[in-house]
Amino acid sequence: YKSGIDIFRSQTLASTMGNHDFRYDSWADKWNFPYWLKKHNYVDPLGEYEHGWFYSFDYGNAHFSVINGNLADSNGSAHGVDFGDLRDKMITWLKADLAATDADFKIILSHQGMYSYPVHTWDGETKELRSLLVPIIDEYDVDIFFQGHDHVWIRTNTMEGGKKVTNTDTIVDIVSGERITYLVDPNGTTYTNAGS
């Protein structure tokens, strides 16, 4: 944080809680994220928790829904905790949040991704979240899902129902003699890992 303070103070930031920001303190019998809380201040859309575990905002013609990918049962069961209630509230909130927007672009941010490349693609938490979230992502026509967790750069094909979408609506442009084909408002969602 110190090395990037000038950049952080001059840019718009939307943070999502990562796996290292989130821990269970058995001595206090609660989930704790003190470092996260000191550095990020988001409003809880449900008004039930001390901090925004998930939230949304509009920026230009885009709507951003930021979710907490830590709320998988496999993460909770490792500590003898049931995330069901909080996770279900987040899912209910996400559906309502996506249904309420008429923005041109719908974008979701989560630390844990749905599709990635190396190590986390077949984790229990990833498979669980994928089964819960991909149907919602498809139903509400989310355009882009930004994810982290795996320290690689990756961009999927446009996907729907876990499969590549083919779209015949294209624009072809010639730039410096090179032919470039662009999809026009493709169905489905592109999943992008920013690489870190």
Counting distance only, does the side-chain N/O of [X] pair as donor-acceptor with the main-chain N or O of [Y] below 3.5 Å?
X      : Y      : result
Arg179 : Ile174 : no
Asn193 : Asp150 : yes
Thr170 : Tyr182 : no
Asn68  : Phe54  : no
Thr16  : Ile67  : yes

Shortest non-hydrogen separation from Ala62 to Ile107 and the atoms involved: CB-CD1, 4.1 Å

For [X], all residues meeting side chain to side chain contact (heavy atoms under 4.5 Å, CB included), sequence neighbours excluded:
X      : answer
Asn61  : Asp104, Phe105
Arg9   : Ile5
Asp58  : His63, Thr101
Glu160 : Asp138, Val165, Asn187

Set of salt bridge (charged side-chain N to carboxylate O under 4.0 Å, His left out) partners for Glu128, sequence neighbours left out: Arg87

Using a cut-off of 6.0 Å, state whether more than 12 heavy atoms not belonging to Ile7 lie near its atom CD1. no

Under the ring pair (Phe, Tyr, Trp, His ring centres under 6.0 Å) rule, collect the residues that match up with Phe145, sequence neighbours excluded. Tyr191

Phe57: what forms a ring pair (Phe, Tyr, Trp, His ring centres under 6.0 Å) with it, not counting sequence neighbours? Phe64

In Å and rounded to the nearest 0.5 Å, what is the CG to OG1 distance from Asp141 to Thr189? 7.5 Å

Please round to the nearest 0.5 Å and tell me the distance separating atom CD1 of Ile144 and atom CZ of Arg155. 10.0 Å

Taking C-beta and beyond as the side chain, do Ile136 and Leu98 meet within less than 4.5 Å on heavy atoms? yes

Who passes side-chain hydrogen bond (donor to acceptor under 3.5 Å, both in side chains) against [X], sequence neighbours left out?
X      : answer
Gln147 : none
Ser110 : none
Ser56  : Asp97

